[in-house]
Amino acid sequence: MDTSIAADLAILRCERLGRTVSGKVLVDQATFSVRQNEVVAIVGPSGAGKTSLLRLLNRLDEPTAGTAYLRGTDYRQIPPRELRRQLSMVMQRPYLFSGTVEQNLQFGPKQRGETLSSDAVEELLSQVGLRGYAARNVANLSGGEAQRVSFARTLANSPIVLLLDEPTSALDEASKLEVEALIRRIVHERGLTCIMVTHDTAQALRLASRALVLQSGRIVRDGFANEVLHG
């Protein structure tokens, strides 16, 4: 299947993006494009370079080859902090700051000299199913609740692309399904693009319309998720 996307339709376009460290190739000439509202799963065996590729997309790691274009702009021309606001990442484990839920949500906007109103905080928490949690200490949250706060903190940055690195792998089955439902709702309601790393093929099929399969740092398959993952 031809999955190429015209450059003018792509919100994110990677061209021969790569990273080599101490002679080891982590990501090898990754070339692909992603449309607005598309949910793309990055799958492959352990050590294939899935997280390494994801971290290149917002320059948490710097590429040693190639580049990416965000809405047509070479992302090397975008200040890293602004790039990471627009392409915000939710990690495998929710690394929250000590303090209250609201303090965590206020962090990103404060870096831009902004303060969220109480209503805006409640709206964000409502979107992740945690209305009324603003004053709670994050130390008292369950794993599923903490991951929801992590999503809300990311949404406070008004991203255009969500980067998800195994966002449910540390959760029990019930919490995992709740977070999957949250991802679907956020992507739909906010019109976001989502690129997610997952080792769970069933999860990729549930959430993603498209899948990239990595082996040894190289994209070996790119197509509709139900074709690529059943192939």
Examine the side chains of [X] and [Y] and answer whether a donor and an acceptor come within less than 3.5 Å of each other.
{"X": "Arg112", "Y": "Asn157", "result": "yes"}
{"X": "Gln127", "Y": "Arg190", "result": "yes"}
{"X": "Asn58", "Y": "Arg84", "result": "no"}
{"X": "Arg131", "Y": "Ser126", "result": "yes"}

[atom1]-[atom2] distance between [X] and [Y], expressed to the nearest 0.5 angstrom:
{"X": "Thr100", "Y": "Leu105", "atom1": "OG1", "atom2": "CG", "answer": "9.0 Å"}
{"X": "Glu38", "Y": "Ser209", "atom1": "CD", "atom2": "OG", "answer": "5.0 Å"}
{"X": "Leu192", "Y": "Leu162", "atom1": "CG", "atom2": "CG", "answer": "5.0 Å"}
{"X": "Arg206", "Y": "Thr198", "atom1": "CZ", "atom2": "OG1", "answer": "8.5 Å"}
{"X": "Tyr133", "Y": "Asn140", "atom1": "OH", "atom2": "CG", "answer": "11.0 Å"}
{"X": "Tyr69", "Y": "Glu15", "atom1": "OH", "atom2": "CD", "answer": "5.0 Å"}

Chi angles and distances behind the side-chain contact (heavy atoms from CB on, under 4.5 Å) call for Ile183, Val179: CA-CA 6 Å; Ile183 293 168; Val179 170; 4.1 Å; yes
Is the shortest side-chain heavy-atom distance between [X] and [Y] below 4.5 Å?
{"X": "Ser98", "Y": "Val138", "answer": "no"}
{"X": "Ile42", "Y": "Met196", "answer": "no"}
{"X": "Leu70", "Y": "Leu87", "answer": "yes"}
{"X": "Gln86", "Y": "Val161", "answer": "no"}
{"X": "His199", "Y": "Ser169", "answer": "yes"}
{"X": "Cys14", "Y": "Tyr75", "answer": "no"}
{"X": "Leu124", "Y": "Val128", "answer": "no"}
{"X": "Leu17", "Y": "Thr31", "answer": "no"}

Following the transitive rule for hydrophobic clusters with a side-chain heavy-atom cut-off under 4.5 Å over Ile, Leu, Val, Met, Phe, Trp and Tyr, establish whether [X] and [Y] coincide in one cluster.
{"X": "Val25", "Y": "Leu214", "value": "no"}
{"X": "Leu212", "Y": "Leu54", "value": "yes"}
{"X": "Ile11", "Y": "Val39", "value": "no"}
{"X": "Val34", "Y": "Val187", "value": "no"}
{"X": "Val101", "Y": "Phe107", "value": "no"}

Quick one: does any side-chain atom of [X] pair with a main-chain N or O of [Y] as donor and acceptor, under 3.5 Å?
{"X": "Thr193", "Y": "Asn37", "result": "yes"}
{"X": "Arg16", "Y": "Ala65", "result": "no"}
{"X": "Asp165", "Y": "Val197", "result": "no"}
{"X": "Gln29", "Y": "Gly18", "result": "no"}
{"X": "Ser175", "Y": "Asp172", "result": "no"}
{"X": "Lys50", "Y": "Pro45", "result": "yes"}
{"X": "Gln36", "Y": "Gly191", "result": "yes"}
{"X": "Gln215", "Y": "Ala48", "result": "no"}
{"X": "Glu145", "Y": "Ser142", "result": "yes"}

Can you give me the closest heavy-atom contact between [X] and [Y], atom names plus distance?
{"X": "Arg13", "Y": "Ser33", "value": "CG-OG, 3.3 Å"}
{"X": "Leu12", "Y": "Ile195", "value": "CD2-CD1, 3.7 Å"}
{"X": "Val27", "Y": "Gly49", "value": "CG2-O, 4.1 Å"}
{"X": "Leu125", "Y": "Ala152", "value": "CD2-CB, 4.5 Å"}
{"X": "Leu56", "Y": "Asp61", "value": "CD2-O, 3.3 Å"}
{"X": "Arg221", "Y": "Val228", "value": "NH1-O, 3.2 Å"}

Check against side chain to side chain donor-acceptor pair (under 3.5 Å), Arg76 and Thr67: CA-CA 8 Å; Arg76 295 172 297 185; Thr67 192; 3.2 Å; yes
side-chain hydrogen bond (donor to acceptor under 3.5 Å, both in side chains), paired with Thr168, selected from Gln92, Gln203, Gln147, Glu173: Gln203
Residue among Leu164, Val90, Val40 satisfying side-chain contact (heavy atoms from CB on, under 4.5 Å) with Cys194: Leu164
I'd like to know if [X] pairs up with [Y] as an ion pair, taking the criterion as any Lys NZ or Arg NE/NH1/NH2 lying under 4.0 Å from an Asp or Glu carboxylate oxygen.
{"X": "Arg19", "Y": "Glu62", "answer": "no"}
{"X": "Lys176", "Y": "Asp200", "answer": "yes"}
{"X": "Arg210", "Y": "Asp222", "answer": "yes"}

side-chain contact (heavy atoms from CB on, under 4.5 Å) evaluation trace for Leu96 with Leu141: CA-CA 11 Å; Leu96 302 179; Leu141 300 177; 4.2 Å; yes
Charged tip of Arg148 within 45° of Phe151 ring normal and under 6.0 Å: no
Arg184 CZ: over 12 foreign heavy atoms closer than 6.0 Å: yes
